[in-house]
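What follows is a single structure, written as structure tokens, with notes after it.
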Amino acid sequence: MTLYTHASMTARVAIVGATGYAGGELARILLRHPEVRVVAAVSRSKQGMPLREAQPHLYDAPDALRIGGDVGDAEVVFTTLPAGEAAKMASAWLAEGRRVIDVGSDFRLRDAGLYEKYYRYAHPAPELLAEAVYGLTEFVRPRLRGARLVANPGCYPTATLLALGPAAKHGLITDDVIVDAKSGVSGAGHSVDEAYLFGTLDSSVRAYGVPRHRHSPEIAQGIADIGGRQPRLTFTPHLVPMTRGLLATCYAPLRDGVTGRQVAEAYAATYAAEPFVRVVPSFPATKNAFGSNWCLVHAIVDEENRRLVAVGALDNLVKGAAGSAVQNMNALLGFPEELGLGALPLWP
Ligand SMILES: NC(=O)c1ccc[n+]([C@@H]2O[C@H](COP(=O)([O-])OP(=O)(O)OC[C@H]3O[C@@H](n4cnc5c(N)ncnc54)[C@H](OP(=O)(O)O)[C@@H]3O)[C@@H](O)[C@H]2O)c1
């Protein structure tokens, strides 16, 4: 397929999982992307229904764009499916010359054994794991150009790795990492479950998935990729009563002699040219990123305890899912990375 020099052609894309939350967010972004045409919206339910009816925020999607069962003539296939589903389909699309960007978790881990341990399934296409580019754009940009298969990072790993990445990259912290993270309920998808009812969630916060949340091995792999050393990781996610938003507060001991100034310089240097990571001067709130593709990062030195405290805040459906997937598509195809992703956060 063509890799674009910008100002050339329109890319034809499909969204598989188009009736879900991440699929709906992808459609919201891609339908306004100046160099993209959404040619297929796929799911099992709502077959034949116009996408604009299946997803009520997409009022002006073309009437002809209906929920269907195949990806048509798409050159790029985005998958926003439950764990294990994209891996059953990706090989066929790749064999047809299409590019695949999986917003789910099927290609994020390089060790197939970890899928059995954490996801409880035998990976259907383990031969693809070595090829998949783990799309934490800011740290792998050169590998994205022309990639066939991109594993979009999970929402918690994105906030965590962007918060800790500069410290890991510059060797400022030891391997003992604790991540305390919070997510809004849209992180769990659109299916109905007692745990996500308003009456269950409202006025309440709880931890879950400890100590073997599915994102733990992904975060550990990501820190090792950036810093070269496998961390000893404790990751505790929490569900909080809001719709969107994710905050990761990360703690790691500082190496001897590391100063606050070194930390500040590492963060400033790592993200100086990044369009979507902002190093902010105080602790960010999730709402500061609401609806945007930004990840807001703030890192301080707790000198008394010789610990780094680094926070990442993002919108789980944008930088934590659909926005970063579009950013990866832009990098893959050779489009300017910000294309289609210019929305500022909503406030208040
Ligand atoms: N929500 C987030 O914040 C977020 C962030 C990062 C990554 N992710 C990942 O993105 C994926 C989707 O998450 P979500 O929150 O959007 O979940 P969701 O709201 O439950 O959506 C899942 C979608 O997949 C479709 N689907 C399921 N099995 C299918 C199949 N075999 N063939 C075609 N379509 C199928 C569902 O529609 P039908 O049931 O009608 O088929 C639905 O459209 C998950 O892997 C999740 O981990 C989500």
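Just follow the structure's listing: the first ligand is 1, and inside any ligand the first atom is 1. Since we're looking at a predicted model, the values are computed, not measured.
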Check whether any N or O atom of A83, backbone or side chain, sits under 3.5 Å from an N or O atom of ligand 1, and answer yes or no.
-> no
Look up atom 46 (C) of ligand 1 and tell me if a protein heavy atom lies less than 4.0 Å from it?
-> no
When you check the gap from the basic side-chain N to the acidic O, do R307 and D176 get nearer than 4.0 Å?
-> no
Measure from atom 40 (O) of ligand 1 to every heavy atom in G154, G23, S45 and give the option owning the shortest one.
-> S45
Specify whether F335 and H33 have parallel, tilted or perpendicular ring planes, treating 30° as the upper limit for parallel and 60° as the lower limit for perpendicular.
-> tilted
Polar-atom distance check: L317 versus ligand 1, any N or O pair below 3.5 Å?
-> no
Would you mind finding which of A86, S324, A325, G189 brings a heavy atom closest to atom 14 (P) of ligand 1?
-> G189
Among R108, R110, E218, which one satisfies side-chain hydrogen bond (donor to acceptor under 3.5 Å, both in side chains) with Y134?
-> E218
At the 4.0 Å heavy-atom cut-off, does E25 count as touching ligand 1?
-> no
When only distance counts, is R44 in polar contact with ligand 1, meaning an N/O pair under 3.5 Å?
-> yes
Just to confirm, does any protein heavy atom lie below 4.0 Å from atom 3 (O) of ligand 1?
-> yes
Mind checking whether N316 has an N or O less than 3.5 Å away from an N or O of ligand 1?
-> yes
Nitrogen or oxygen atoms of V16 and ligand 1 under 3.5 Å apart | no
